[in-house]
There are 2 protein chains.
Amino acid sequence: MPDEIDRVSEQWFFLQLAAIIRARIERGEYEPGTLLPREPHFMQHYGVSRGTVRKAAEELARSGHIRRIKGRGNLVLPPQDWH
Amino acid sequence: MPDEIDRVSEQWFFLQLAAIIRARIERGEYEPGTLLPREPHFMQHYGVSRGTVRKAAEELARSGHIRRIKGRGNLVLPPQDWH
DNA sequence: ATAGATTTGTTCGTATGTATA
DNA sequence: GTATACATACGAACAAATCTA
């Protein structure tokens with residue numbers, strides 16, 4: 001899992017980004033109970049727009065890896081919540 | 001005026017949708033000074049893409065039924081603005 | 001208590017690529 | 001060949017919830 005967006009890949013940016021962040025969560029690099037880095041962090045680090053970061057976050061919320069909290073951030077969930 | 005898209009009709013989806021919304025405005029179901037339902041509402045309710053909803057909105061803006069305001073929504077205009 | 005900053009949420013604007021009729 | 005329709009992606013502005021000084 002390369003830790004950057006492949007811009008010539010067939011796969012959409014937001015799915016690539018979701019896979020990257022999901023892998024980091026599952027490796028324990030983002031700990032349950034803590035907040036993910038903010039949207040601007042991912043925008044700058046991966047060179048994508050806020051919309052793309054947010055679509056990736058939607059994917060991670062769908063798969064139970066994070067819970068999105070308005071005004072606070074994206075809460076990393078423990079393995080038992082993943083699906 | 002059936003309140004859904006006729007998918008086998010000769011007429012384009014965006015023109016059908018514009019006619020549906022225009023009729024609702026003219027019947028007073030969407031009141032002047034209020035905002036139309038958001039783009040995602042129409043996408044889901046009529047089963048069309050955002051592009052189609054936006055083309056319908058362009059038609060309604062052209063005919064003076066709404067004014068489109070970035071970041072806020074589509075403002076319903078009073079009868080004297082229709083043309 | 002409140003005023004401002006931070007952060008996610010919402011919404012319209014624009015561009016591009018693909019598929020279809 | 002052209003126009004419609006769909007989806008991704010980026011940009012800009014406003015709204016709401018939360019946190020902080």
Side-chain angles (χ1 to χ4, degrees), chain A residues 4-22 24-25 30-77 81, chain B residues 4-22 24-25 30-77 81:
Chain A
E4 64 182 76
I5 304 289
D6 177 355
R7 290 175 181 273
V8 295
S9 164
E10 303 281 322
Q11 201 178 28
W12 306 119
F13 292 2
F14 78 93
L15 289 178
Q16 290 187 50
L17 181 55
I20 290 169
I21 300 172
R22 181 178 294 112
R24 295 179 78 103
I25 291 175
Y30 299 132
E31 289 189 36
T34 67
L35 296 174
L36 279 188
R38 315 309 178 188
E39 289 175 354
H41 165 84
F42 291 114
M43 293 166 63
Q44 290 173 19
H45 194 278
Y46 295 99
V48 294
S49 72
R50 190 180 170 211
T52 297
V53 173
R54 291 182 54 74
K55 287 195 73 166
E58 285 171 25
E59 290 296 317
L60 295 171
R62 242 196 299 279
S63 65
H65 285 74
I66 66 172
R67 182 155 53 88
R68 310 174 77 191
I69 308 173
K70 180 196 270 197
R72 284 188 22 101
N74 293 306
L75 182 67
V76 179
L77 298 178
D81 290 331
Chain B
E4 64 181 78
I5 303 290
D6 177 354
R7 289 174 182 274
V8 294
S9 163
E10 302 283 321
Q11 200 178 28
W12 306 121
F13 292 2
F14 78 93
L15 289 178
Q16 289 187 50
L17 181 55
I20 290 169
I21 300 172
R22 182 179 294 110
R24 295 180 77 103
I25 291 174
Y30 300 133
E31 289 188 36
T34 67
L35 296 174
L36 278 188
R38 315 308 179 189
E39 289 175 354
H41 167 85
F42 291 113
M43 293 165 63
Q44 290 174 20
H45 193 279
Y46 295 99
V48 294
S49 72
R50 189 183 170 209
T52 297
V53 173
R54 290 182 52 72
K55 289 195 75 168
E58 287 171 23
E59 290 296 317
L60 295 170
R62 244 197 299 279
S63 65
H65 285 74
I66 65 172
R67 183 155 53 86
R68 312 176 77 191
I69 307 174
K70 178 195 276 195
R72 289 190 27 98
N74 292 307
L75 181 67
V76 180
L77 298 178
D81 289 332

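In the text below, chain A, chain B and the rest are named by the order of the sequence lines, each starting its count at 1.
- Closest to the A:Trp12 side chain, of the nucleotides C:dG13, D:dC6, D:dA9, is D:dA9.
- Between A:Arg62 and A:Glu59 there is a salt bridge, with a side-chain nitrogen of the basic residue lying less than 4.0 Å from a carboxylate oxygen of the acidic one.
- No donor-acceptor distance shorter than 3.5 angstrom exists from the side chain of A:Glu39 to the backbone of A:Arg54, with no hydrogens or angles considered.
- For the pair A:Met43 CE and C:dT7 P, the computed distance is 13 Å after rounding to whole Å.
- Picking from C:dT8, D:dC19, D:dA9 the nucleotide with the shortest atom distance to the side chain of A:Phe14 gives D:dA9.
- In this structure, the CG atom of A:Leu15 is 8 Å from the P atom of D:dT8, given to the nearest Å.
- Side-chain proximity of A:Val48 to D:dA17, D:dC10, C:dG13: nearest is D:dC10.
- A donor-acceptor contact shorter than 3.5 Å is absent between the side chain of A:Ser9 and the backbone of A:Asp6.
- When the C1' atom of C:dT7 is taken as reference, atom CD of A:Glu39 falls 7 Å away, rounded to whole Å.
- In this entry the distance linking CZ of A:Arg50 with P of C:dT6 reads 15 Å, nearest Å.
- Looking at heavy atoms from C-beta onward, B:Tyr46 lies in side-chain contact with B:Ile20 at the 4.5 angstrom threshold.
- Taking only side-chain nitrogens and oxygens, A:Arg72 never comes nearer than 4.0 Å to OP1 or OP2 of C:dT6.
- Under 4.0 angstrom from either OP1 or OP2 of C:dT10 there lies no side-chain N or O belonging to B:Arg38.
- Among the protein residues, A:Gly73 comes within range of the sugar-phosphate backbone only, with heavy atoms under 4.0 Å from sugar or phosphate atoms but none that close to a base.
- Between A:Leu60 atom CG and C:dT8 atom P there is a gap of 13 Å when expressed in whole angstrom units.
- Note on A:Lys55: a side-chain N or O is less than 4.0 Å away from OP1 or OP2 of D:dT8.
- For B:Arg54, counting side-chain heavy atoms from C-beta on, the closest listed nucleotide (C:dT14, D:dT4, D:dG11) is C:dT14.
- A 4.5 Å side-chain heavy-atom check between A:Val76 and A:Glu31 finds every atom pair outside the cut-off.
- Atom CD of A:Gln11 is separated from atom P of D:dT8 by 12 Å (rounded to the nearest Å).
- When distances run from any side-chain atom of A:Thr52 to the nucleotides C:dG9, D:dC10, C:dT7, the shortest one goes to D:dC10.
- With the nearest nucleotide of DNA chain D identified for both A:Lys70 and A:Ser49, A:Ser49 has the one nearer the 5' end.
- In this entry the distance linking CZ of A:Phe13 with P of D:dA7 reads 19 Å, nearest Å.
- Counting to the nearest Å, the P atom of D:dA5 and the CZ atom of B:Phe42 are 16 Å from each other.
- When Watson-Crick and G-U wobble pairs are counted only if both distances are under 3.5 Å, D:dA12 pairs with C:dT11.
- A sub-4.0 Å separation between OP1 or OP2 of C:dC12 and a side-chain N or O of B:Asn74 is present.
- Here the closest non-hydrogen pair linking A:Gly73 and A:Arg38 is CA-NH1, 4.0 Å.
- Between B:Gly47 and A:Gly71, it is B:Gly47 whose nearest contact on DNA chain D lies nearer the 5' terminus.
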